[in-house]
Enquirer: 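Quick one: the structure is below, and I'll ask about it shortly.
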Amino acid sequence: MATIDPEKPIPQHVAVIMDGNGRWAKARGLPRRDGHRAGAESVEACLESCGEAGIKFLTLYAFSSENWKRPESEVSALMNLLAHFIKEKTSKLMKNNIRLKVIGQMHRLPDKTQKLLRKSIDKLDGNDGLTLIVALSYGSREEIVDAARSLMDKAVAGEMKSEDLTNEIFSDHLYTAGIPDPDLLVRTSGEFRISNFLLWQISYSEIHITDVLWPDFRSEHLNAAIEDYQKRQRRFGGLSEEV
Ligand code: IPE
Ligand code: IPE
Ligand code: MG
């Protein structure tokens with residue numbers, strides 16, 4: 001049983017690559033969309049567990065730029081599920097003082113989904129508890145190129161000089177502007193890869209990979225990830241205190 005050490009810091013920002021919905025469904029002889037539906041329940045459970053643990057930012061990788069390559073039927077099942085989740089859960093998010101943000105190329109989502117998301121984001125805007133950041137039609141390379149493009153536009157317009165560009169200014173042009181970098185990155189279903197997620201932001205994140213499939217992910221698994229994080233010694237390229 002994982003136990004979080006109250007004496008040690010907990011991650012302020014946890015980012016999760018929610019993977020394994022398809023395998024979960026396959027193992028049960030169910031269609032992939034049933035795995036995604038079960039995955040939505042894990043999202044709700046994870047939000048509650050993060051709230052209890054005192055985590056301030058939770059980023060969930062829900063749909064990647066590359067996921068548009070999946071069959072139309074799966075993409076539309078995912079979009080419908082997302083719309084349903086937003087419609088059904090916004091009032092619960094409100095009650096739990098959760099703020100919502102979306103990162104990614106939102107304009108690629110169906111109009112209906114974009115409208116629902118904007119309405120929900122506006123409604124939850126004044127909340128100051130956990131910030132839930134959902135990565136939708138998100139790709140880190142696209143994000144970096146979008147940032148580079150807006151910086152180039154500024155340079156061409158004479159609003160900035162190339163020699164004035166810093167890491168901080170670059171960060172401020174990413175979709176995640178204003179959000180601290182993740183302290184802990186979790187990937188479910190045992191794959192050891194990043195899949196175009198937050199490449200810039202995870203430079204010094206601690207990584208926890210679990211074999212648990214996303215639809216099975218519950219508070220005990222989040223707590224195990226936090227416990228693992230608490231054992232790490234973060235050095236950011238410097239020397240540890242004991243050296
Ligand atoms: C993660 O589960 C959800 C999304 C990528 C939308 P997958 O659908 O990738 O599930 P697996 O990896 O095929 O098991
Ligand atoms: C990453 O999972 C994207 C999300 C969890 C939304 P994928 O299943 O798309 O990643 P790969 O294809 O295994 O790298
Ligand atoms: Mg997958």
Side-chain angles (χ1 to χ4, degrees), residues 13-47 49-50 57-86 88-89 100-110 112-114 116-117 132-146 174-176 179 182 184-202 205 207-218 221-222 225:
H13 182 174
V14 177
V16 186
I17 303 175
M18 310 185 288
D19 199 14
N21 296 353
R23 277 162 281 177
W24 184 93
K26 194 173 177 205
R28 286 161 180 76
L30 298 169
R32 292 178 63 84
R33 65 168 184 280
D34 285 2
H36 298 313
R37 202 174 295 140
E41 285 171 31
S42 296
V43 168
E44 222 178 327
C46 188
L47 274 167
S49 315
C50 284
F57 298 88
L58 172 68
T59 300
L60 298 176
Y61 201 7
F63 192 85
S64 75
S65 306
E66 289 77 19
N67 288 151
W68 290 112
K69 290 189 292 203
R70 295 194 180 189
E72 212 277 317
S73 56
E74 182 169 351
V75 170
S76 62
L78 280 162
M79 292 300 148
N80 287 337
L81 199 61
L82 172 67
H84 183 77
F85 187 90
I86 296 298
E88 293 293 308
K89 303 297 172 194
L100 177 66
K101 278 183 176 286
V102 170
I103 55 170
Q105 298 184 323
M106 218 166 117
H107 62 270
R108 294 186 68 189
L109 302 176
K112 183 186 92 172
T113 316
Q114 289 186 46
L116 278 169
L117 281 165
L132 168 64
I133 302 138
V134 187
L136 285 170
S137 190
Y138 175 87
S140 191
R141 289 181 170 179
E142 287 75 3
E143 176 183 39
I144 290 168
V145 169
D146 278 348
L174 295 170
Y175 308 149
T176 50
I179 299 165
L184 173 62
L185 173 71
V186 176
R187 183 165 187 148
T188 59
S189 87
E191 307 293 354
F192 280 69
R193 58 175 171 258
I194 300 298
S195 303
N196 203 12
F197 189 45
L198 302 176
L199 300 177
W200 171 282
Q201 297 87 341
I202 60 167
S205 304
I207 300 176
H208 174 88
I209 292 169
T210 170
D211 284 336
V212 174
L213 304 175
W214 177 250
D216 291 325
F217 194 88
R218 287 296 177 272
H221 308 112
L222 178 78

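Note that the structure is predicted; figures quoted are calculated from it, not measured. The figures here come from the full heavy-atom set of this structure, side chains too, leaving out hydrogens, waters and symmetry mates. Just follow the structure's listing: the first ligand is 1, and inside any ligand the first atom is 1. Residue numbers run from 1 in the order of the sequence given.
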Enquirer: Consider ligand 1: state whether an atom of it lies below 4.0 angstrom from any non-hydrogen atom of S189.
Expert: no

Enquirer: Would you say ligand 2 has an N or O under 3.5 Å from any N or O of E191?
Expert: no

Enquirer: Nearest to atom 12 (O) of ligand 1 by heavy atom, R23, E66, R70: which?
Expert: R23

Enquirer: Can you check which of L82, L136, N21, V75 brings a heavy atom nearest to atom 3 (C) of ligand 1?
Expert: N21

Enquirer: Can a non-hydrogen atom of R187 be found less than 4.0 Å from any atom of ligand 2?
Expert: yes

Enquirer: Could you see which bit of H36 sits under 4.0 Å from ligand 1, with heavy atoms only: side chain, backbone, both or neither?
Expert: side chain

Enquirer: When you look for heavy atoms under 4.0 Å from ligand 1, do you find them on the side chain of A62, its backbone, both, or neither?
Expert: backbone

Enquirer: Do me a favour and list the nearest non-hydrogen protein atom to atom 14 (O) of ligand 2 with residue, atom name and distance?
Expert: S195 OG, 2.6 Å

Enquirer: Report the part of R33 (side chain from C-beta onward, or backbone N, CA, C, O) that has a heavy atom under 4.0 Å from ligand 1; answer both or neither where that applies.
Expert: neither

Enquirer: So if I count the atoms of ligand 2 from 1 in the order they appear, which ones are less than 4.0 Å from some heavy atom of M18?
Expert: 5 (C)

Enquirer: Backbone, side chain, both or neither: what part of N67 comes under 4.0 angstrom of ligand 1, heavy atoms only?
Expert: side chain

Enquirer: Apply side chain to side chain contact (heavy atoms under 4.5 Å, CB included) to I202 and list each qualifying residue two or more places apart in sequence or on a separate chain.
Expert: P182, L185, I194, L198, S205

Enquirer: Output, by chain and residue number, all protein N/O/S atoms separated from the Mg ion (ligand 3) by less than 2.8 Å.
Expert: D19 OD1

Enquirer: In terms of residue, atom name and distance, what is the protein heavy atom nearest to atom 13 (O) of ligand 2?
Expert: R193 NH2, 2.8 Å

Enquirer: Under the rule for ring pair (Phe, Tyr, Trp, His ring centres under 6.0 Å), what residues qualify as partners of W24, not counting sequence neighbours?
Expert: none

Enquirer: Quick one: which ligand 2 atoms are inside 4.0 Å of a heavy atom on F63?
Expert: 6 (C)

Enquirer: For S189, enumerate each residue passing the side chain to side chain contact (heavy atoms under 4.5 Å, CB included) test, keeping only those at least two apart in sequence or located in another chain.
Expert: D19, R23, E191, L213

